[in-house]
Chemist: 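Have a look at this one before I ask anything.
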Amino acid sequence: MQGAARIRSRTLDQRLECPILFGLWTHRVPRTSFIPRTADVAEYRPQDFEAHWQRYWVEQKTFRTPEHPQGEKFYCLDMFPYPSGSGLHVGHPLGYTATDIICRYKRMRGVSVLHPMGFDAFGLPAEQHAIKTGEHPGRITDANCDHFLRQMKSIGFSYDWDREIRTCDPDYYRWTQWIFLQLYHAYFDHELQKARPIDELPIPAEVQAEGEEAVRRYRDDHRFAYYTEADVNWCPALGTVLANEEVIDGRSEVGGHEVVRKPMKQWMLRITDYAERLLADLDTVDWPESIKEMQRNWIGKRHGAEIDFEVVGHDHTLSCFTTRPDTLFGCTFFVLSPEHPLVDELTTDDRRSEVEAYREKARLMSDFDRTIENREKTGAFTGAAVVNPINGREVPLLIGDYVLMSYGTGAVMGVPGHDDRDFVFARNYGLEIIPVVTDPKADEPRRRAILEGEYCFTDPGVMLPCDDPVFVELGLEGKSNEEAKWIITDWLAAQDRGRKVVNYRFRDWLFSRQRYWGEPFPLIHWEDGEVTTLEASELPLTLPEVEEYKPSDDGESPLARAEEWLEVVDPVTGRRGRRETNTMPQWAGSCWYYLRFVDPHNEKTFCDPLLEKEWMPVDLYVGGAEHAVLHLLYARFWHKVLHDLGHVSTNEPFQRLFNQGMINAHAYKDERGALVPVDEVEVDGNGLATRISDGAKLQQIIAKMSKSLRNVINPDEVIAQYGADTLRLYLMFMGPLESSRIWDDQAISGVYRFLKRSWTLITENRDQGVREFVDSGDEARESLRAIHGAIVEVTRDLDTLSFNTAISHLMECLNALSGQAFSKQTAEYFTLLLAPLAPHLAEELWRRLGHDASLAYEHWPVADEKALAEDTTLVVIQVRGKKRAIVEVDKKIAEDELKAAVVGVMADTNFPVAVEDRFIVVRDKKSGEPRLVNVIVQ
RNA sequence: GCCCGGGUGGCGGAACUGGUAGACGCGCCGGACUUAAAAUCCGGUGGGGAUAAAACCCCGUAAGGGUUCGAGACCCUUCCCGGGCACCA
């Protein structure tokens, strides 16, 4: 029953008492055993002083960034939040606390720290709120930001709030628009592998000859930002198009609505030009391997060949991309995507109706339905045939919706013997299967299955015999397929019937949204078809006021209804034009915010070059892994363009990336598997969970925090109950920063007790001031060893972001100091070690220790080696590798004396050893002191 | 299916480069204080055996094998969990 009370206690509301004023806003404080009664005046009561120090830091501008870094610099960045209406959730402060600790620690080590925070403030939720209520999305966004600010300040983060930015602020998005102009006015020089101004684009003579209009089109075809009719992911429910990355399993990432394919005119960014550099430069950054791997997979570099097949009876050549040119001799058909532009022309009349029907069916199918895994492979014969360039064999030409127009050339050579999809397709349509590679390691039945076309073999293997003259000429029989791949490709290249190519799986970035609440494009579409950009001096192009925020049913942005804003007339020529009505996606603002933080108030440029040089790159970037391929890839792309164009000095923006884990919570499910909200659950002393309403047995599981499970932890409530320092410490103590953790509202009392005991240790719960200390000379050796040991350990742990062990070591130090005499110096060291982790408590103790300024810039303690020095050391004795005894010996003991000591210790035991036995002595690598002796008894 | 992580007490997790497994905390057990409870403080706590009590012994880091004087850590095989990708030719 005790357990039941615990579980129910999670919903604090049941025990809420009268509201009291705390901090900058009102908290309702639950009555719990952990809040000391008011009679105990001098006990640890964080509510008494946390708000005071938060105000002090803000008023004194304690954490203002130095204008220029002096000596070592440290740019520490958190992924800034989207200010959602529900406020901060414990997941946010997890990473923020970690960076805060590191920054406070670095400041104490004399490092110049840049640690800013802001808001990713454009975005869909505010817009949807606006659609529903008619309220301006800016107003709700501002209110949410303010709420976030209050919450973040209540945790005691040491951000330089003077640098706060919001991406929806015109002073900010002015420069987002400016960067768009840089992208628009540049192209990628493939030879130099870098961006260059569009004016430097060489115009081929034949284009030049066609006139101005052709030159303009040629340039437009090379800009990083281009306007094109594209099959886009249209989400009717959200009324917008989405990037591929925003579509999960055929549904919108936001809201899970259906997404269909639809051709629309859209702005795209040519991110694929940077594929090679985005891939290669991953090797230069200190990121988690998993994130690098995800980006590599996303970019999807594939080496292969493009092979040309002539169409029988036509003057056309169809090229296909393949990573398996070694299987070309096994090609028995050829498949085009239903959207392929040549399908119509190549289809014979007797097949036309069938092909048309198939294409229509494919067109109507949603992307999701079309990409369901292992779906039946369907297609239609076109009646045409193509010629395999390596053996002259004519093979039938089909269309099939498993071939995507958007990858490679929209055409595939069908090798059913060695490709699973082709295999299924061939079986469906009775197409021939010719195996050309076999598995040398396979047993007889399997080998026969491969030979007879019963088994599709896709792994590496060796080439089977074949009569084709070219096969014989190239001597392929028995060669590994890997080798055959390049021999065949070289032959094709020599005959000009194919070539080695590299393909990338990722696509250009769809950069426009039919929304109101985003950055307007600084572009004008003129009546004569020309598109021009605004001058940098005309920025920002601000959002107009509109009456309704809903996009129209055919997908036009609400901006299309803002007529006054929309229509423009050239004052010189009288030419009429319309502004671009799409807005930029949410990713735009977060693509460069880290640069603005370096120089947030500059009105002349997006970021002063000198400051950029001084502060960039970001030394530590902490955030969730969910941004692995979106934000992090886009930001790298923009950064590289800015770098190539000479606007930033660094090639990569984020030198070190760290992903914090997720915070999960316990949840319960019943026998049918339905999740049960935690406040409907009772847990008994043995951990057995039952539903309160009907006593049904429940299973405890781990789940993400969610509103529906009512297991979301609100930081405000934790702070009200325990104080900000406890919240910070608990978040860090739960486990390594990178791993996921489970919120356990019993375990939090452990760190609360630690803080309380730390308080008591130094103040002895006096009304004011501190306990009495002994003179340094009279200090117990134990105390000295404890504090200097802690200095060593905590320093190392903070350097390696091991916050959980840093706290453990402080706990050990506290345990050791409790009941011991120690000096004021030791108390001060302890306070300073605690400062990055529990800054409010540390500041309060520091004040009581007689200091009248913040400890934020006090020197980090340095361990005194002498305090740690010992004459003797403990040596583990092993016999045949098993621990049998421990002996204390002099550190400088000679080898034979050590042996003698070991023999002596082991004499009366069950495991006697002799000096003649083999001794393995393990010594400390640094000090050379003996650590362990392993005796191998003969 | 493929690619990354990861499996250590009742629980969260420690263990620096192969050298005392289980630090620290939660929980639990016992004790002190209290009329009582909470809070607080002190002690114990991987499993098994042995003993009057100890000393002591055996087993133990998902499972099996290997390398080594010595393996939680390294190698091979298998199982399980988490994350990502997935008709990309």
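The model shown is predicted, which means the values in this text are computed figures rather than measured ones. Reminder, nothing fancy here: chain letters follow the sequence lines and each chain counts from 1.
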Chemist: For the side chain of A:Q878, starting at C-beta, report the closest nucleotide among B:U20, B:C58, B:A39.
Modeler: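 The answer is B:U20, which lies nearest to the side chain.
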Chemist: Where the side chain of A:R753 is concerned, which of B:C69, B:G84, B:G27 is the nearest nucleotide?
Modeler: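 Of the candidates, B:G27 comes closest.
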Chemist: Run the salt-bridge test on A:K500 and A:E306 with the 4.0 Å N-O cut-off and return the result as yes or no.
Modeler: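 Between A:E306 and A:K500 there is no salt bridge, as every charged N stays at least 4.0 Å from the carboxylate O atoms.
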Chemist: Separation of A:L761 atom CG from B:U40 atom P, in whole Å?
Modeler: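 To the nearest whole Å, that distance equals 16 Å.
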Chemist: If you assign A:K882 and A:T323 each to the RNA chain B nucleotide with the nearest heavy atom, which residue ends up on the more 5' nucleotide?
Modeler: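 Looking at RNA chain B, the more 5' nearest nucleotide goes with A:K882.
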Chemist: Between the side chains of A:E929 and A:R923, is the shortest nitrogen-to-carboxylate-oxygen separation below 4.0 Å, so that they form an ion pair?
Modeler: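 No, no charged N to carboxylate O under 4.0 Å.
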Chemist: Expected output check: what is the dot-bracket annotation of RNA chain B, where ( ) and [ ] are pairs inside the strand (brackets for crossing ones), | is paired with another strand, and pairs are Watson-Crick or G-U under 3.5 Å?
Modeler: (((((((..(((......[....)))((((((.......))))))((((......))))..(((((..]....))))))))))))....
Chemist: At under 4.0 Å between heavy atoms, what does A:F911 touch on the DNA or RNA strands: base, sugar-phosphate, or nothing?
Modeler: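 If one applies the 4.0 Å heavy-atom cut-off, A:F911 turns out to touch the sugar-phosphate alone, with no base involved.
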Chemist: Rounded to the nearest Å, what distance is computed from the OH atom of residue A:Y752 to the P atom of nucleotide B:A39?
Modeler: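 Distance check: A:Y752 OH to B:A39 P gives 12 Å.
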Chemist: Between B:C56 and B:A36, how far apart are the C1' atoms? Round to whole Å, please.
Modeler: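 It works out to 44 Å between them.
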Chemist: Starting at CZ of A:F754 and ending at P of B:C41, how long is that distance when rounded to a whole Å?
Modeler: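 Taking CZ of A:F754 and P of B:C41, I get 13 Å after rounding.
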Chemist: Over all strands shown, is A:N815 touching base, sugar-phosphate only, or nothing at heavy-atom distances under 4.0 angstrom?
Modeler: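 The answer is sugar-phosphate, as A:N815 gets under 4.0 Å only of primed atoms, P, OP1 or OP2.
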Chemist: Using a 4.0 Å heavy-atom cut-off to protein, can you give one letter per nucleotide of nucleotides 3-14 of chain B, 5' to 3': B if the base is in contact, S if only the sugar-phosphate is, - if neither?
Modeler: SS-------BSS
Chemist: Can you tell me how far P in B:A62 sits from the matching atom in B:C69, rounded to whole Å?
Modeler: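 So the two P atoms sit 24 Å from each other.
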Chemist: Do A:P396 and A:Y429 come close enough that some side-chain heavy atom pair is under 4.5 Å?
Modeler: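 A:P396 does not reach A:Y429 side chain to side chain.
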Chemist: Starting the side chain at C-beta, find the nucleotide from B:U40, B:G19, B:U20 nearest to A:V922.
Modeler: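 Per side-chain heavy atoms of A:V922, the pick is B:G19.
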Chemist: Please say whether the positively charged group of A:K377, taken as NZ for Lys or CZ for Arg, lies over the ring of A:F425, i.e. under 6.0 angstrom from the six-membered ring centre and within 45 degrees of the axis.
Modeler: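 That pair does not qualify as a cation-pi contact.
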Chemist: Determine whether the aromatic ring centres of residues A:W287 and A:F658 are separated by less than 6.0 angstrom.
Modeler: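 A:F658 vs A:W287: aromatic centres not under 6.0 Å.
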Chemist: What's the CG-P distance between A:N934 and B:A71, to the nearest Å?
Modeler: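 From A:N934 CG to B:A71 P: 10 Å.
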Chemist: Looking only at side chains, do A:D422 and A:Y402 share a donor and an acceptor under 3.5 Å apart?
Modeler: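 Yes, side-chain donor-acceptor contact under 3.5 Å.
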Chemist: On a whole-Å scale, what distance lies between the P atoms belonging to B:U67 and B:C76?
Modeler: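 Each nucleotide's P atom is 15 Å from the other's.
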Chemist: Just call it for A:R505: base, sugar-phosphate, or nothing, with non-hydrogen atoms closer than 4.0 Å on any strand.
Modeler: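 Base contact - A:R505 has a heavy atom under 4.0 Å of at least one base atom.
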Chemist: Return yes if a side-chain donor-acceptor contact under 3.5 Å exists between A:T763 and A:R771, otherwise no.
Modeler: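 No donor-acceptor contact under 3.5 Å links the two side chains.
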Chemist: How many whole angstroms separate atom CG of A:L810 from atom P of B:A23?
Modeler: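 Distance, rounded to whole Å: 18 Å.
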Chemist: For A:L731 and B:G25, what is the distance between atoms CG and P respectively, to the nearest whole Å?
Modeler: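 Roughly 19 Å, once rounded to whole Å.
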Chemist: Name the closest nucleotide to the A:R757 side chain, picking from B:U20, B:C41, B:A39.
Modeler: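 Minimum distance to the A:R757 side chain belongs to B:C41.
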Chemist: Between A:Q721 and A:Y752, does any side-chain donor sit less than 3.5 Å from a side-chain acceptor?
Modeler: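 Side-chain D/A pair, A:Q721 to A:Y752: absent.
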Chemist: Testing the 3.5 Å rule here: is there a donor-acceptor pair between the side chains of A:D508 and A:T272?
Modeler: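 Checked: A:D508/A:T272 side chains pair up, N/O donor to acceptor below 3.5 Å.
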Chemist: Scan A:I936 against the nucleic acid and name what it touches under 4.0 Å (heavy atoms): base, sugar-phosphate only, or nothing.
Modeler: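 Sugar-phosphate, backbone atoms only, no base.
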Chemist: Do A:N815 and A:R757 have side-chain atoms, one donor and one acceptor, less than 3.5 Å apart?
Modeler: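 Side chains of A:N815 and A:R757: pair found under 3.5 Å.
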Chemist: B:C26, B:C57, B:C24: which one has an atom nearest the side-chain heavy atoms of A:M811?
Modeler: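 It is B:C24.
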Chemist: Sticking with atom C1', work out how far B:C24 lies from B:C75, rounded to a whole angstrom.
Modeler: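 Per the computed distance, 33 Å lies between those C1' atoms.
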Chemist: Contact class for A:R884 (heavy atom, under 4.0 Å): base, sugar-phosphate, or nothing?
Modeler: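 Sugar-phosphate, no base atom in range.
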Chemist: Considering only atom P, compute the distance from B:G70 to B:C59 and round it to an integer number of Å.
Modeler: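 My reading of the P atoms in B:G70 and B:C59 gives 15 Å.
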Chemist: Report the glycosidic orientation of B:G9: syn if within 90° of 0, anti in every other case.
Modeler: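 Syn, angle within 90° of zero.
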Chemist: Using heavy-atom distances to pick each residue's nearest nucleotide on RNA chain B, tell me which of A:S802 and A:R918 is more 5'.
Modeler: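 Whichever sits nearer the 5' end wins; that is A:S802.
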Chemist: Hydrogens and angles aside, do A:Y358 and A:T378 bring a side-chain donor and acceptor to less than 3.5 Å of each other?
Modeler: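 Present: a donor and an acceptor within the cut-off.
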Chemist: Output yes when A:E482 and A:R324 qualify as a salt bridge under the 4.0 Å nitrogen-oxygen rule, no when they do not.
Modeler: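 A:R324 and A:E482: not salt-bridged.
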Chemist: As a test of reading the structure: which of B:A89, B:C69, B:G19 is closest to the side chain of A:Y407, going by heavy atoms?
Modeler: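 Nearest to the side chain of A:Y407 among the choices is B:A89.
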Chemist: Tabulate atom names and distances for all N/O pairs under 3.5 angstrom spanning the protein and nucleotides 74-76 of chain B.
Modeler:
none

Chemist: Which listed nucleotide (B:C26, B:C69, B:U20) is nearest to the side chain of A:L932?
Modeler: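 For A:L932, the side-chain atoms sit closest to B:U20.
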Chemist: Using atom P of each nucleotide, how far apart are B:C26 and B:G46 to the nearest Å?
Modeler: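 After rounding to an integer number of Å, I get 16 Å for this pair.
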Chemist: Could you tell me whether A:K891 and A:D924 have a side-chain N and a carboxylate O separated by less than 4.0 Å?
Modeler: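 Salt bridge absent between A:K891 and A:D924.
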Chemist: Between B:G12 and B:U51, how many Å separate the two P atoms, rounded to a whole number?
Modeler: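 Per the computed distance, 36 Å lies between those P atoms.
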Chemist: In whole Å, I'd like the distance from the NZ atom of A:K883 to the C1' atom of B:C69.
Modeler: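 That distance rounds to 18 Å.
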Chemist: Which nucleotide in the set B:A89, B:G27, B:G19 lies at the smallest distance from any side-chain heavy atom of A:Q746?
Modeler: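 Nucleotide nearest to A:Q746's side chain: B:G27.
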Chemist: Let me know the distance between CZ of A:R302 and P of B:A86, rounded to the nearest Å.
Modeler: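 Nearest whole value for this atom pair: 11 Å.
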Chemist: Nearest 0.5 Å please: distance from the OG1 atom of A:T726 over to the OH atom of A:Y730.
Modeler: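 The OG1 atom of A:T726 sits 12.0 Å away from the OH atom of A:Y730.
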Chemist: Looking only at atom P, what distance separates B:A37 and B:G30, rounded to whole Å?
Modeler: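 13 Å, rounded to whole Å.
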